[in-house]
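First up is the structure itself, then whatever we jot down about it.
Bear in mind that the values here come from a model prediction, so they are computed numbers and not experimental data.
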Amino acid sequence: MEEVAFNLQPRAYAFAPTQEDVAAAFTDITNILRPPRKKGRGYRSAGLDDVTRIRLEGMRMFLAAYIRLETDRPGHQGNWTEASNTAVTMRCESKHHSRKLRAWTRSFINDQKEIPENRYGRGSKSAIDDEDLAQEIHLHLQQIGKYIKAEDIAQYCAKPEILARLKRTKTISLATARRWLEKMGYRWRK
């Protein structure tokens, strides 16, 4: 019987970067992680968030392992992958992270400005960031009087013209209304 393999897509083989490119990238990453002071000994803060710093440290560890393997077994096929697997094993990461490490490092070697940055939490923007909407809500709350509730914003946003503007079919939740009040500078007490 003939075996059939499903979902196997042929991948183009990409050769590992040259030893000179890897050494230059290792030095560049080291300088990003530990920038030297302008005067005197020591280092200054890199100013990186934790996720970006951890990713760069992983890339640096991967490049160090690759340099060591290339020194021990020059030109051996599989050193690139083995070095990334070694780095993720030492960092207690998954095999998937090994593949990401190789991709981040390869793109950094091609362009030193390509740093794997932290993109968590930057995907969406709140509707209250629209200054016109915030101003309208603020005016509405002023009309209500001195004592307002989060429900007042939710009821205001339930109007058909506001729902259309927000591109929603139902009004905002009370939790969202509270966040909007806080973002607009209101304080409240129970």
Side-chain angles (χ1 to χ4, degrees), residues 7 25 28-40 42-62 84 87-88 90-190:
N7 295 328
D28 291 342
I29 290 175
T30 301
N31 289 334
I32 290 171
L33 287 170
R34 301 183 81 187
R37 288 182 161 174
K38 303 239 186 260
K39 294 181 181 178
Y43 304 96
R44 54 191 168 99
S45 173
L48 301 170
D49 63 280
D50 289 340
V51 174
T52 304
R53 181 183 50 77
I54 288 169
R55 287 177 180 174
L56 284 171
E57 287 171 352
M59 290 167 56
R60 183 174 180 266
M61 187 180 293
F62 163 43
S84 67
V88 297
M90 290 175 15
R91 296 177 61 84
C92 299
E93 299 282 353
S94 66
K95 290 284 186 183
H96 172 72
H97 193 73
S98 173
R99 188 174 294 157
K100 295 295 288 180
L101 251 178
R102 289 193 300 270
W104 291 333
T105 305
R106 194 175 288 277
S107 67
F108 182 81
I109 288 172
N110 293 335
D111 179 16
Q112 278 71 27
K113 291 183 173 73
E114 189 68 33
I115 295 174
E117 294 179 351
N118 179 11
R119 296 191 180 157
Y120 299 125
R122 296 185 188 164
S124 62
K125 193 174 180 182
S126 177
I128 198 67
D129 292 337
D130 178 13
E131 291 179 12
D132 294 334
L133 178 66
Q135 186 65 29
E136 285 178 29
I137 291 173
H138 186 66
L139 287 173
H140 173 71
L141 294 175
Q142 284 179 340
Q143 291 172 355
I144 291 174
K146 186 176 179 181
Y147 299 104
I148 60 170
K149 306 178 282 206
E151 293 172 14
D152 297 330
I153 293 180
Q155 289 172 357
Y156 178 75
C157 291
K159 294 179 181 178
E161 62 271 9
I162 301 297
L163 286 175
R165 187 169 168 188
L166 293 173
K167 299 177 185 165
R168 296 178 60 106
T169 56
K170 60 182 186 176
T171 190
I172 62 171
S173 68
L174 288 178
T176 301
R178 286 187 200 106
R179 280 194 301 273
W180 285 11
L181 278 171
E182 189 176 328
K183 206 167 197 179
M184 292 170 59
Y186 286 91
R187 294 178 303 181
W188 63 91
R189 60 182 172 190
K190 294 182 181 184

Pair listing, salt bridge (charged side-chain N to carboxylate O under 4.0 Å, His left out) test, anchored in residues 134-152, at least two apart: Glu136-Arg165
In Å, rounded to the nearest 0.5 Å, how long is the span from [atom1] of [X] to [atom2] of [Y]?
X: Ser84; Y: Lys100; atom1: OG; atom2: NZ; answer: 13.5 Å
X: Glu57; Y: Ile29; atom1: CD; atom2: CD1; answer: 11.0 Å
X: Lys170; Y: Leu163; atom1: NZ; atom2: CG; answer: 11.0 Å
X: Leu133; Y: Ile137; atom1: CG; atom2: CD1; answer: 4.0 Å
X: Arg106; Y: Asp111; atom1: CZ; atom2: CG; answer: 14.5 Å
X: Ile32; Y: Ile115; atom1: CD1; atom2: CD1; answer: 4.0 Å

Flag, side chain of [X] to backbone of [Y], donor-acceptor distance under 3.5 Å:
X: Arg37; Y: Lys39; answer: no
X: Arg91; Y: Ile54; answer: yes
X: Thr171; Y: Gln155; answer: no

Quick one: list whatever passes salt bridge (charged side-chain N to carboxylate O under 4.0 Å, His left out) with [X], sequence neighbours left out.
X: Lys183; result: Asp129
X: Glu93; result: none
X: Arg178; result: none

If you compare all heavy atoms of [X] against all heavy atoms of [Y], which two are closest, and at what distance to 0.1 Å?
X: Ala154; Y: Ala177; result: N-CB, 4.5 Å
X: Ile172; Y: Cys157; result: CD1-SG, 4.1 Å
X: Ala87; Y: Leu101; result: CB-CD1, 4.2 Å
X: Met184; Y: Ala134; result: CE-O, 3.6 Å

Over 12 non-hydrogen atoms of neighbours within 6.0 angstrom of CD in Glu131: no
side-chain contact (heavy atoms from CB on, under 4.5 Å) evaluation trace for Asp132 with Gln135: CA-CA 5 Å; Asp132 294 334; Gln135 186 65 29; 5.7 Å; no
Arg60 and Thr30: CA distance, side-chain angles, deciding distance, side-chain contact (heavy atoms from CB on, under 4.5 Å) verdict: CA-CA 7 Å; Arg60 183 174 180 266; Thr30 301; 2.9 Å; yes
Ring geometry between His138 and Tyr186 (parallel below 30°, tilted from 30 to 60°, perpendicular above 60°): tilted
Gln142 side chain reached by Leu139 side chain, heavy atoms, under 4.5 Å: yes
Residues Ser98 and Arg102: side-chain donor-acceptor under 3.5 angstrom: yes
Ring pair (Phe, Tyr, Trp, His ring centres under 6.0 Å) partners of residues 141-174, not counting sequence neighbours, each pair once: His140-Tyr156
Listed once per pair and sorted, the ring pair (Phe, Tyr, Trp, His ring centres under 6.0 Å) pairs that draw on residues 161-180, sequence neighbours left out: none
Step-by-step side-chain contact (heavy atoms from CB on, under 4.5 Å) determination, Thr176 to Arg179: CA-CA 5 Å; Thr176 301; Arg179 280 194 301 273; 3.1 Å; yes
